[in-house]
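See structure below.
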Protein chains: 2
Amino acid sequence: MPDVIDPYDFTPRYYQLASILRERIAGGEYQPNQPIPSERQLEELYGVSRTTIRQAIELLMRQGYLYREHGRGTFVSPQKLQKGISELTSFSEDMKQRGLEPGQQILAIDMRQPPEKIRQRLELEASAQEVLYLERLRLGDNIPMGLQTSYTVLPPGQTITPAEVETQGSIYRILQEKFHLIPTEADETLEVALATPREASLLGIAPGSPLLLSERTTYSQYRRVIEFVKIVYRGDRYRYFAKLTR
Amino acid sequence: MPDVIDPYDFTPRYYQLASILRERIAGGEYQPNQPIPSERQLEELYGVSRTTIRQAIELLMRQGYLYREHGRGTFVSPQKLQKGISELTSFSEDMKQRGLEPGQQILAIDMRQPPEKIRQRLELEASAQEVLYLERLRLGDNIPMGLQTSYTVLPPGQTITPAEVETQGSIYRILQEKFHLIPTEADETLEVALATPREASLLGIAPGSPLLLSERTTYSQYRRVIEFVKIVYRGDRYRYFAKLTR
DNA sequence: CCTGGTCTGTGGTAATGACCAGTTAGATTA
DNA sequence: TAATCTAACTGGTCATTACCACAGACCAGG
């Protein structure tokens with residue numbers, strides 16, 4: 001990434017500028033809680049308009065790199081760089097962020113009519129189409145971390161084969177590459193549950209052991225439900241992170 | 001809220017416009033998954049520039065009311081209005097959102113030197129100042145929901161009296177009104193824990209019962225740590241909500 | 001010594017005009 | 001008929017100019 005704006009680059013200028021500033025921050029050139037150059041100065045420095053400058057800065061603010069104070073300036077956030085700020089991630093990405101090698105063991109995969117409760121959460125009509133059912137044991141560094149049950153809504157007439165899931169690993173990637181469906185938003189709930197005998201034996205713990213139960217509904221860029229996922233995590237191995245803002 | 005932009009209003013025009021559009025959506029005038037007028041049309045309709053239109057729309061997108069598709073239009077999100085989208089809230093606000101009457105029973109309140117582990121999370125120097133220690137039983141509709149332990153950093157020399165906490169209820173409000181400290185960001189972790197005998201008796205459950213353990217570090221508008229809060233919730237009574245985005 | 005102005009630099013809001021980049025539907029062409 | 005092109009939308013990016021609102025420093029007057 002060069003240090004100047006390239007007008008012949010395809011990517012927007014405000015995006016290029018954001019990358020440059022992000023590097024300056026990462027490189028320690030701009031220190032935490034210290035101001036970066038003012039908008040008017042940046043205008044001079046990089047030969048772009050204030051409109052563009054502000055777009056770049058807003059992007060970096062949303063990403064948590066900068067904060068502003070009216071009348072004072074724009075400052076570098078003192079955030080220790082921490083992965084896993086509550087963004088929408090798949091289990092695979094989640095594990096990688098924690099520095100663990102993601103793995104999985106598929107227990108079931110087929111197309112089926114979802115039960116009534118699930119059908120409602122998928123916002124499907126009663127004349128229900130079949131959805132992809134998938135039950136997987138999720139591993140981190142080859143150790144069972146959780147048991148995941150998912151119902152995925154595919155475009156009518158489409159299917160995903162077991163082979164595809166095996167090789168790709170991430171359902172999200174398949175959805176994106178094959179159907180151009182991009183998960184952009186999700187609602188998640190977390191609560192405590194106790195392991196059933198089946199869950200316990202699969203996870204290698206005693207029945208009745210405490211679990212962290214996550215239920216997630218994922219929406220596409222068109223605000224349609226893509227999937228409903230239920231995961232029970234081993235209570236002793238998993239911790240959930242969230243970054244909240246006001 | 002009028003249906004026209006008032007140039008003599010103190011509030012920014014893009015904010016006024018956002019309110020108007022939000023009402024049109026709430027009133028069903030703009031239907032879910034249907035397009036709202038294009039940016040050029042809104043320019044005509046409300047007599048403001050496209051710059052302002054776009055700011056209003058971006059605001060409503062961040063709030064989840066609208067989504068856009070390049071080349072097609074701007075559409076109303078089909079989201080059922082749901083409270084508790086992962087925003088930074090206090091326990092009191094949280095309870096209200098769930099339709100429960102928040103209550104509390106203060107078990108301890110004093111100024112003290114925090115233990116080493118806590119001091120690090122508060123990002124305080126070793127020459128540690130005293131912080132406000134508070135232990136409260138949190139109630140929802142007069143039923144124990146959780147046990148909260150908090151360490152709050154006050155400006156040097158300042159204190160908060162038990163009376164203030166009793167009457168105000170919310171520490172956040174006191175911080176804001178008395179010290180102009182606004183909580184703007186927080187990091188939270190959730191995991192499973194088992195009730196100690198003391199926790200169990202306070203919460204009215206059996207020792208060893210599963211709990212949802214939340215640890216939260218809250219930051220001010222100046223990106224300084226305001227407080228560190230640990231809450232154990234009754235596993236059978238509490239569920240955590242989060243809204244994730246990509 | 002404090003109080004209240006004023007000046008200057010900061011970000012915040014807004015209008016205008018221009019062009020780029022997807023999407024769609026109707027007209028045109030093979 | 002079917003494929004293609006084109007024109008007219010949509011939102012996305014960018015430059016320029018102007019003025020407002022807040023913070024801080026400095027200075028004059030009490």
Side-chain angles (χ1 to χ4, degrees), chain A residues 4-21 30 33-62 65-77 180-182 184 220-223, chain B residues 4-21 30 33-62 65-77 180-182 184 220-223:
Chain A
V4 291
I5 303 294
D6 176 3
Y8 298 106
D9 196 330
F10 311 104
T11 62
R13 297 187 188 187
Y14 77 91
Y15 192 83
Q16 292 181 52
L17 178 57
S19 297
I20 294 172
L21 294 178
Y30 298 145
N33 287 315
Q34 293 302 309
I36 67 172
S38 76
E39 297 183 348
R40 269 84 170 181
Q41 287 172 346
L42 289 170
E43 216 174 343
E44 281 293 315
L45 282 171
Y46 294 101
V48 293
S49 76
R50 204 175 148 212
T51 315
T52 306
I53 304 282
R54 285 182 64 81
Q55 278 186 86
I57 289 179
E58 263 162 45
L59 184 61
L60 292 174
M61 285 208 310
R62 277 201 302 276
Y65 290 99
L66 297 176
Y67 66 99
R68 329 185 85 156
E69 287 181 38
H70 191 173
R72 301 225 314 131
T74 303
F75 303 83
V76 176
S77 292
H180 307 294
L181 286 175
I182 304 173
T184 54
S220 72
Q221 70 265 48
Y222 309 115
R223 297 308 190 270
Chain B
V4 291
I5 303 294
D6 176 5
Y8 299 105
D9 196 330
F10 313 103
T11 61
R13 298 188 186 186
Y14 77 91
Y15 193 82
Q16 292 183 51
L17 178 58
S19 297
I20 293 172
L21 295 178
Y30 298 145
N33 287 316
Q34 293 302 308
I36 67 172
S38 75
E39 297 182 349
R40 270 83 171 184
Q41 287 172 347
L42 289 171
E43 215 172 344
E44 282 293 317
L45 282 171
Y46 294 100
V48 294
S49 74
R50 205 174 149 214
T51 315
T52 306
I53 304 283
R54 285 182 64 80
Q55 276 186 86
I57 291 180
E58 263 162 45
L59 184 59
L60 291 173
M61 286 210 310
R62 277 201 302 276
Y65 290 99
L66 297 175
Y67 65 99
R68 326 184 88 157
E69 288 180 36
H70 191 174
R72 302 224 315 129
T74 304
F75 303 84
V76 176
S77 293
H180 308 292
L181 286 175
I182 305 172
T184 54
S220 72
Q221 71 265 46
Y222 308 115
R223 298 307 190 270

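Every chain is numbered from 1 and lettered A, B, ... according to where its sequence line falls, protein lines coming before strand lines.
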- Message: Side chain of B/Arg68, heavy atoms from C-beta onward: which of D/dC14, C/dG11, D/dG11 has the nearest atom to it?
- Response: D/dG11
- Taking atom C1' of D/dT16 as reference, at what distance in whole Å does atom CD of A/Glu39 sit? 15 Å
- A/Leu59 and A/Ala18 have their tightest heavy-atom pair at CD2-CB, 3.8 Å
- Task: Go through the structure and list residues passing salt bridge (Lys or Arg N to Asp or Glu O under 4.0 Å) with A/Arg40, not counting sequence neighbours.
- Result: none
Give me, pair by pair, the N or O atoms of the protein and of nucleotides 17-19 of chain C that are less than 3.5 Å apart, along with how far apart they are.
from, atom 1, to, atom 2, distance (Å)
C/dA18, N6, B/Arg50, NH1, 3.4

- Message: Can you work out whether B/Glu69 or B/Thr52 has the more 5'-proximal nearest nucleotide on DNA chain C?
- Response: B/Thr52
- Sequence neighbours excluded, the answer for side chain to side chain donor-acceptor pair (under 3.5 Å) partners of A/Glu69 is A/Arg72
- Shortest non-hydrogen contact from A/Pro37 to A/Leu42? O-CD1, 3.6 Å
- Query: Just how far, in rounded Å, is P of C/dG12 from CG of A/Leu66?
  - Reply: 12 Å
- Message: Go through it in stages, so that I can follow the logic: the residues are B/Asn33 and B/Phe75, the test is side-chain contact (heavy atoms from CB on, under 4.5 Å), and I'd like the CA-CA distance, side-chain angles, deciding distance and then a yes or no.
- Response: CA-CA 5 Å; B/Asn33 287 316; B/Phe75 303 84; 5.6 Å; no
- What is the distance, rounded to the nearest whole Å, between atom CD of B/Glu44 and atom P of C/dT16? 11 Å
- In whole angstrom, what separates B/Arg54's CZ from D/dA15's P? 15 Å
- Ignoring backbone atoms, establish whether B/Tyr14 has a side-chain N or O less than 4.0 Å from OP1 or OP2 of C/dA14. no
- Message: Could you tell me how far apart A/Tyr67 (OH) and C/dG12 (P) are, to the nearest whole angstrom?
- Response: 14 Å
- Tell me: CD of B/Glu58 to C1' of D/dG12, nearest whole Å? 10 Å
- Just call it for B/Gln41: base, sugar-phosphate, or nothing, with non-hydrogen atoms closer than 4.0 Å on any strand. sugar-phosphate
- Reckon A/Arg72 has a side-chain N or O less than 4.0 Å from the OP1 or OP2 of D/dG24? yes
- Minimum-distance pair of heavy atoms, taken over all atoms of A/Leu66 and A/Ile57: CD1-CG2, 4.2 Å
- Task: To the nearest Å, give me how far apart CD1 (A/Ile53) and C1' (D/dT13) are.
- Result: 14 Å
- Query: To the nearest angstrom, how far is A/Leu42 atom CG from D/dA15 atom P?
  - Reply: 13 Å
- Would a distance-only check, ignoring hydrogens and angles, find a side-chain to backbone donor-acceptor pair under 3.5 Å from B/Gln16 to B/Thr11? yes
- OP1 or OP2 of D/dC14 less than 4.0 angstrom from a side-chain nitrogen or oxygen of A/Ser49, does that happen here? no
